[in-house]
Amino acid sequence: MPLFFSGASVQQMLLQILSRALVAFFILPVHEFAHAWAANKLGDSTARWQGRMTLNPMAHLDPIGTVLLVLTGFGWAKPVPINPYNFKNRKYGMALSALAGPASNIVVALLLTILYKILAYTFIITGLANVWFLQVLLAIISSMAWVNVSLAVFNLIPVPPLDGSRIATLFLPERIYFKIMEYERYIVLVLFALIFVGALDGVLGFLADKVMDFINLLSSFVDVIGRMFL
């Protein structure tokens with residue numbers, strides 16, 4: 001999704017930080033709420049009773065994870081508590097409640113992309129496309145959509161403690177899964193190290209691009225309508 005804004009790198013950095021802050025306070029809560037909502041629907045009300053089935057960011061934000069997300073683009077919220085023994089089918093319950101988080105990010109990214117395109121065409125048609133403030137607004141929306149996609153792709157990595165590891169329970173025997181979970185703390189350290197050195201940037205960037213291409217395809221009806229007025 002192209003950006004209309006093309007200011008100095010400092011301005012772009014500030015816009016990126018603002019976008020990440022908006023994601024931290026308004027999008028991460030959606031991700032965690034989705035986990036809690038799905039778990040509750042599937043039979044585990046643990047998160048609901050602990051006040052996590054809410055969009056209130058204060059219920060979900062982790063101080064360190066939030067600061068890192070705003071400054072670096074990589075961060076986390078407080079994990080939603082889930083008791084798999086409350087599910088009728090533990091494997092499906094864990095997998096579906098885990099999938100709800102990344103899925104919510106994709107849905108939000110799609111809605112933001114639709115909003116971006118509607119505003120972009122509106123500004124062009126009304127002759128406002130060169131207004132700096134409106135360019136900034138579009139840049140923020142675009143950046144937020146991209147961060148949502150990036151969060152979804154990252155969380156789908158099938159290693160603990162990410163959501164992808166719980167989705168993997170559908171394909172792994174429980175004894176193997178729980179054996180892997182015994183080494184979760186070491187896996188997390190390796191994951192952080194790979195992120196720090198940028199070893200995952202290429203793969204994650206490629207996957208995020210493909211997801212964004214799919215989102216652009218789903219939102220292409222806005223392009224069809226918008227071009228009719230140009």
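Hydrogens, waters and symmetry mates are skipped; everything else that's a heavy atom, side chains included, is used. Just so you know, these numbers come straight off a predicted model, no measurement behind them.
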More than 12 heavy atoms of other groups within 6.0 Å of [X] [atom1]:
{"X": "Ile64", "atom1": "CD1", "value": "no"}
{"X": "Trp76", "atom1": "CH2", "value": "yes"}
{"X": "Met228", "atom1": "CE", "value": "no"}

Mind checking whether [X] and [Y] sit in one hydrophobic cluster, side chains of I, L, V, M, F, W, Y counted as touching below 4.5 Å?
{"X": "Leu162", "Y": "Phe171", "result": "no"}
{"X": "Phe214", "Y": "Val222", "result": "yes"}
{"X": "Leu71", "Y": "Phe26", "result": "no"}
{"X": "Leu128", "Y": "Leu138", "result": "yes"}
{"X": "Ile27", "Y": "Ile141", "result": "yes"}

Worked check of side chain to side chain contact (heavy atoms under 4.5 Å, CB included) between Leu110 and Ser219: CA-CA 7 Å; Leu110 174 60; Ser219 62; 4.2 Å; yes
For the side chain of [X] and the backbone of [Y], is there at least one donor-acceptor N/O pair under 3.5 Å apart?
{"X": "His35", "Y": "Ser97", "value": "yes"}
{"X": "Ser220", "Y": "Leu217", "value": "yes"}
{"X": "Thr66", "Y": "Asp62", "value": "yes"}
{"X": "His31", "Y": "Gly101", "value": "yes"}
{"X": "Asn40", "Y": "Ala36", "value": "no"}
{"X": "Arg20", "Y": "Val67", "value": "no"}
{"X": "Gln16", "Y": "Ser143", "value": "no"}
{"X": "Ser165", "Y": "Pro161", "value": "no"}

Quick check for you: to the nearest 0.5 Å, what is the distance between [X] atom [atom1] and [Y] atom [atom2]?
{"X": "Met212", "Y": "Ile215", "atom1": "CE", "atom2": "CD1", "answer": "5.0 Å"}
{"X": "Leu115", "Y": "Met144", "atom1": "CG", "atom2": "CE", "answer": "9.5 Å"}
{"X": "Asp163", "Y": "Phe154", "atom1": "CG", "atom2": "CZ", "answer": "10.0 Å"}
{"X": "Leu99", "Y": "Ile167", "atom1": "CG", "atom2": "CD1", "answer": "4.5 Å"}
{"X": "Phe25", "Y": "Leu69", "atom1": "CZ", "atom2": "CG", "answer": "10.0 Å"}
{"X": "Leu194", "Y": "Leu189", "atom1": "CG", "atom2": "CG", "answer": "11.0 Å"}

Passes side chain to side chain contact (heavy atoms under 4.5 Å, CB included), Glu32 versus Arg52? Steps please. CA-CA 8 Å; Glu32 301 305 326; Arg52 299 297 303 279; 4.2 Å; yes
Under the side chain to side chain contact (heavy atoms under 4.5 Å, CB included) rule, what do Ile225 and Tyr121 come out as? Steps first, then yes or no, please. CA-CA 9 Å; Ile225 297 172; Tyr121 281 111; over 6 Å; no
If I compare all heavy atoms of [X] with all of [Y], which pair ends up nearest, and what's the gap?
{"X": "Pro102", "Y": "Ala152", "answer": "O-CB, 3.6 Å"}
{"X": "Leu42", "Y": "Gly93", "answer": "CD1-O, 3.8 Å"}
{"X": "Ala145", "Y": "Leu112", "answer": "N-CD1, 3.7 Å"}
{"X": "Tyr116", "Y": "Ser142", "answer": "CE1-CB, 3.8 Å"}
{"X": "Asn130", "Y": "Gln135", "answer": "CA-NE2, 3.5 Å"}
{"X": "Pro29", "Y": "Val23", "answer": "CD-O, 4.4 Å"}

Within-4.5 Å side-chain heavy-atom neighbours: [X] and [Y]:
{"X": "Ile157", "Y": "Leu204", "value": "yes"}
{"X": "Ile140", "Y": "Leu22", "value": "yes"}
{"X": "Thr54", "Y": "His60", "value": "yes"}
{"X": "Ile82", "Y": "Phe87", "value": "yes"}
{"X": "Asp209", "Y": "Trp146", "value": "yes"}

Would you please test Thr46 and Asp44 for side-chain hydrogen bond (donor to acceptor under 3.5 Å, both in side chains) and show each step? CA-CA 6 Å; Thr46 305; Asp44 177 32; 2.5 Å; yes
Between Val107 and Asn148, does a side chain to side chain contact (heavy atoms under 4.5 Å, CB included) hold up when you go through it step by step? CA-CA 9 Å; Val107 171; Asn148 266 279; over 6 Å; no
